[in-house]
Amino acid sequence: MNRQPINFNADELRALDRSHHLHPFTDHKSLDGEGGTRIITHADGVYLWDSAGRRMLDGMSGLWCVNIGYGRKELAEAAYRQMLELPYYNTFFKTSHVPAIELATKVARLLPERFNKVFFVNSGSEANDTIFRLVRHYNNVRGKPQKKAFIARHNAYHGSTMASASLGGMAGMHAQGDLPLAGIHHVLQPHWFDLGGDLSPDEFGLKAAKAVEDKILELGPDNVAAFIGEPIQGAGGVIIPPRTYWPEINRICKTYDVLLISDEVICGFGRTGEWFGLDTFGIEADIVPMAKGLSSGYLPIGAVAVCDEVANYLYEHGGEFLHGYTYSGHPAACAVALENIRILEEEGLVDRVRRLAPYFHEKLMTLADHPIIGEVRSVGLIGACELTRNKKTRARFDKLGRVGLICRDHCFNGGLIMRSCFDTMVVAPPFVITEQQIDDLVAAARHAFDLTYQDVKSEIE
Ligand code: PXG
């Protein structure tokens, strides 16, 4: 993309950023030293540019969301047209508008048949907060007020609001804000690399599923409302459960009348090579939160799809659900999401993910022989490389996350954006990535791993 250099003083901007901008998930002290923030100025396709004019391959699709890639004029035009036509109106009080109606219909049709109702929100966090209330309300209405507990997994990520951070299993987040809220219980995550020990992945998958059943039995099935899980844990480090896990979770949730929530905020809209992660793993979900890929991040929007059984019961008996956001079903965001889905469909981008998946996997696997890489895994266009100091025992480096950050910086400096989740290096590139760009991504990752190896060589066993 040819662009004139942007006329500003990056150092001045960085100073203003430091003075006035409170960033999410940032220790602001880390911005005081050399460098400060990296100011991103523009983007096209799979590439981002910073204020120094450096181009970077965005291996993370922004924050797991810009699935159709950057620079799609059609989405900007959809927002522009909609803002001229009807920039805002709410969907409360028996009003509606065309983009919200069309998008609800479209999302329902993309999901399995038992999903016909969609509630709009502005983010994944709001989606999960909505579900937390909706499920409690549902069980109150159906005369089971004691059936309230939620079971979630350690190291899950479901958002940053009070309920969604509580559903998440990030200990550091819980410590800030005195979470989790009462009634939310965390169990073993299906993370074979760290927790599988001597078990085979399949055996470990059953063990992790059994932890859910054990928790249900401990609390009493009459007290457990729902289980929530990401098909693949994203922020936790692209944790792909062993294939034994989800079928067993389906069985357990059915047995104990526990609602199954498949958090599709990252997996939804094609990331795994099917429209939803639940399609890839055969998850028999009852409620589906989504966000990110719904609009490829061009405007904020999320949604909650509710299966017929729950939605119909609430229709008959629930009355008014006293819940909603000013921007639930924002017309411009809905119009952008519709255009995003049109592009996904017409350009066959979900099929493209499925087609590229074996190539992506094979190329990533070439990194498995690296002396600091203990495991490489991927599904669709989402993958991870585990940093380890001992390839045999899968031992972690001291101070979990330290080496991941070293590696992330080497990636950045080499023009590749890869995220470190503790000591797991993860990638989730835009669906429009080419085979050549996958080669570039893997070459840049190998280079970063080489440099990281040099830095921590003395710790390798
Ligand atoms: N569920 C899942 C599975 C997510 O990944 C959320 C819910 C919350 O969505 P919102 O739109 O409220 O952010 C997410 C978000 C990271 C990172 O560092 C991941 C997310 C958000 C911020 C950082 O990997 N995922």
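Note that the structure is predicted; figures quoted are calculated from it, not measured. The first residue of the sequence shown is numbered 1, and numbering continues consecutively from there.
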Is there side-chain contact between [X] and [Y], with at least one heavy-atom pair below 4.5 Å?
{"X": "V353", "Y": "V350", "result": "no"}
{"X": "H97", "Y": "T91", "result": "yes"}
{"X": "D423", "Y": "E386", "result": "no"}
{"X": "I240", "Y": "Q233", "result": "no"}
{"X": "S61", "Y": "F431", "result": "no"}
{"X": "T272", "Y": "I232", "result": "yes"}
{"X": "M56", "Y": "D50", "result": "yes"}
{"X": "L48", "Y": "R55", "result": "no"}

Is the side chain of [X] donor-acceptor paired with the backbone N or O of [Y] at a distance under 3.5 Å, no angle test?
{"X": "Y298", "Y": "R72", "answer": "yes"}
{"X": "W49", "Y": "A43", "answer": "no"}
{"X": "Y88", "Y": "T326", "answer": "yes"}
{"X": "N128", "Y": "H158", "answer": "yes"}
{"X": "E264", "Y": "G277", "answer": "yes"}
{"X": "R419", "Y": "T424", "answer": "no"}
{"X": "R355", "Y": "L349", "answer": "no"}
{"X": "R14", "Y": "T37", "answer": "yes"}

Ring centroid separation for [X] and [Y], is it under 6.0 angstrom?
{"X": "H137", "Y": "F321", "answer": "yes"}
{"X": "F227", "Y": "F150", "answer": "no"}
{"X": "H317", "Y": "Y315", "answer": "no"}
{"X": "F449", "Y": "H410", "answer": "no"}
{"X": "Y70", "Y": "Y47", "answer": "no"}

Strictly by modelled atom types, are Q436 and T434 linked by a side-chain donor-acceptor pair under 3.5 Å? no
Side-chain donor-acceptor pair under 3.5 Å between K117 and N312, yes or no? no
How long is the gap from [atom1] on [X] to [atom2] on [Y], to the nearest 0.5 Å?
{"X": "M290", "Y": "S262", "atom1": "CE", "atom2": "OG", "result": "9.5 Å"}
{"X": "C253", "Y": "E248", "atom1": "SG", "atom2": "CD", "result": "10.5 Å"}
{"X": "D440", "Y": "K363", "atom1": "CG", "atom2": "NZ", "result": "11.0 Å"}
{"X": "L338", "Y": "T105", "atom1": "CG", "atom2": "OG1", "result": "9.0 Å"}

Identified side chain to side chain contact (heavy atoms under 4.5 Å, CB included) counterpart of V306 within the set V288, V135, L314, L134: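 Going through the options one by one, the only one that passes is L134.
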Verdict with reasoning, R136 to N139, per side chain to side chain donor-acceptor pair (under 3.5 Å): CA-CA 5 Å; R136 290 176 150 208; N139 278 339; over 6 Å; no
Aromatic rings W275 and F269: how do their planes relate, parallel, tilted or perpendicular, breaks at 30° and 60°? perpendicular
E345 and salt bridge (Lys or Arg N to Asp or Glu O under 4.0 Å): which partner among K106, R352, R109? K106
In chain order, what residues pass the side chain to side chain contact (heavy atoms under 4.5 Å, CB included) check against C65, with sequence neighbours excluded? K292
Show your working on ring pair (Phe, Tyr, Trp, His ring centres under 6.0 Å) between H330 and Y325 and close with a plain yes or no. CA-CA 10 Å; H330 190 283; Y325 304 97; over 10 Å; no
Residue H447 excluded, over 12 heavy atoms near NE2 under 6.0 Å: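 Atom NE2 in H447 is not crowded, with 12 or fewer foreign heavy atoms closer than 6.0 Å.
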Heavy-atom count check: over 12 atoms from other residues, nucleotides or ligands less than 6.0 Å from E347 CD? yes
R153 and H186: side chain to side chain contact (heavy atoms under 4.5 Å, CB included), yes or no, with the steps? CA-CA 5 Å; R153 285 97 55 90; H186 297 88; over 6 Å; no
Derivation and outcome, side chain to side chain donor-acceptor pair (under 3.5 Å), residues S125 and T161: CA-CA 6 Å; S125 299; T161 53; 4.6 Å; no
Give a yes/no verdict on a cation-pi contact between R38 and F412, requiring under 6.0 Å between NZ or CZ and the six-membered ring centre and an angle within 45° of the axis.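 Pair R38/F412 counts as cation-pi.
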